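Being a predicted model, the structure only gives us computed values, none of them experimental.
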Amino acid sequence: MKKFFSTLLALIMLISCMTGLMTASAEDVVAYDGSEVTITFYHTMGSNLTTVLDAYIAEFNTLYPNIKVEYTSVGGYDDVRDQVATEITVGAQPNIAYCYQDHVALYNLARAVQPLDAYIDSTATVTLADGTTTVMGLTAEQKADFIPGYYAEGAAFADGKMYTLPMSKSTEVLYYNKTFFDANNIIVPTTWDEVEIAAQQILAVDPMSIPLGYDSEANWFITMCEQQQSPYTSAKAPHFLFNNEQNRAFIKRFREWYDAGYITTQTLLGGYTSGLFTSTDGLESYMSIGSSAGATYQRPAKAADGSYPFEVGIATIPQMNADNKKVISQGPSLCIFKKANPQEVAASWLFVKYLTTTVEFQAEFSMASGYVPVLKSVAEHPVYAEFLASADGGDFIAALSAKVCLEQQDAYYTSPAFNGSSTARDEVGALLTKCLVDSASDLEAMILKNFEAAIKACESDF
């Protein structure tokens, strides 16, 4: 499928250059002049989030009454990617789309995505409905208000240009059974060395348990590369760098943990590890690393008396060391597509700017979605501050998750984005799984063989 889209998009890149259907220069910024335009937005929101979106589109229209926003909920993120990629081939792409960075790299095989640098820095003025004016670009205060790691995602490409602004984000956190930890004097691990100690202590109390479940094998691999500053991928060729001694060493350690019964993963378990973590009957775990947006799934069901079987604690995921804290940044961003009508692009920019810099929208959308806001100042918004103040390991576990996410905002990272980066992600996830379970008389030889096969698979699909 990826090769199919690559071939198709390379073809449309040639066609678009010949026909001039797309804007002539990525650096040209035409300020919005009040024209009546309709812009289309592809996303993945359900009814709970489109209710919030509708309210703020109405607010947006009080500022810009001649910009009509039409949106379509396409399905999942990959569904958005596939539909946009197909539509690009006939010049029918939307104005705006939810995206991940590797999706942008795919779209840009056809040079279809509008770079945002000149819009961000534009000092042109736009007249609002009430006759007042506003600057087209982002103010210094607006730029500084973005959580740095989220904002930096927009430039995670080989050319260094800014192609996205962050919309809403999630990350990974460590969920732990606080009741069990407190009762057995187990310290919540902050490093991977401490995870090993905690796992040993847990098994001493409950030998039939699996101490830690990790939902995403790919995230685990990539995060370890970031934490120990070992090569993973590069936006510029050569792209696939993860076959190195440092990475093989942590995989060997995890294999030893697996053999000792310390860990499992979503693939090995056959389902999200939250199911093991919330279990109170049969096989259990006492630590689970999963999405911050899925906090309510990490909470056990209430007992008949309305109480929870145990209290959930949430902490930052373990680190290699305190000097290089790294936690993955996930969740959708917004990209704008080039169009023949520059007023459509300008109007799209104003809408993207509005969604990503309006504190009230970010607060409401975060509380409704379980994602965390992309702006620092949202934490000070009265309604959101009250939400955070309610945080606990029971009824208000989503607030506790968001609170932890905001406290670790300086640790977020994003991997390089290029056409093929999603393949690398898939391959290292599968690689970790294989290395945990493959039989081998020579463990290091087996691991090396699997690493070499994963590199070959990336290169053959690229």
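Between Y42 and Q93, the side chains place no donor N or O within less than 3.5 Å of an acceptor N or O (distance only, hydrogens not considered). Judged by distance alone, the side chains of S333 and Y100 never bring a donor and an acceptor atom under 3.5 Å apart. Side-chain N/O atoms of N247 and Q228 include a donor and acceptor closer than 3.5 Å.
Between E141 and K143, no side-chain nitrogen of the basic residue sits less than 4.0 Å from a carboxylate oxygen of the acidic one, so the salt-bridge criterion is not met. Electrostatic pairing of R253 and D193 counts as a salt bridge here, judged by a charged N lying under 4.0 Å from a carboxylate O.
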- Walk me through it: do Y371 and S170 pass the test side chain to side chain contact (heavy atoms under 4.5 Å, CB included)? CA-CA 5 Å; Y371 282 79; S170 65; 3.8 Å; yes
- Could you go step by step and tell me if E153 and S329 meet the side-chain hydrogen bond (donor to acceptor under 3.5 Å, both in side chains) rule? CA-CA 9 Å; E153 286 185 24; S329 172; 2.2 Å; yes
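To the nearest 0.5 Å, the span separating CG on N419 from CG on L106 amounts to 5.5 Å.
Two rings, from F41 and Y71, have their centers 6.0 Å or more apart. Aromatic ring centres of F277 and Y286 lie farther apart than the 6.0 Å criterion allows.
Taking the six-membered ring where the residue is Trp, F242 and F451 present tilted rings, their angle falling between 30° and 60°. Between F60 and F351, the ring planes are perpendicular. Angles over 60° get that label, and only those under 30° would be called parallel.
Environment of OH in Y354: crowded, with over 12 heavy atoms of neighbouring residues, nucleotides or ligands closer than 6.0 Å.
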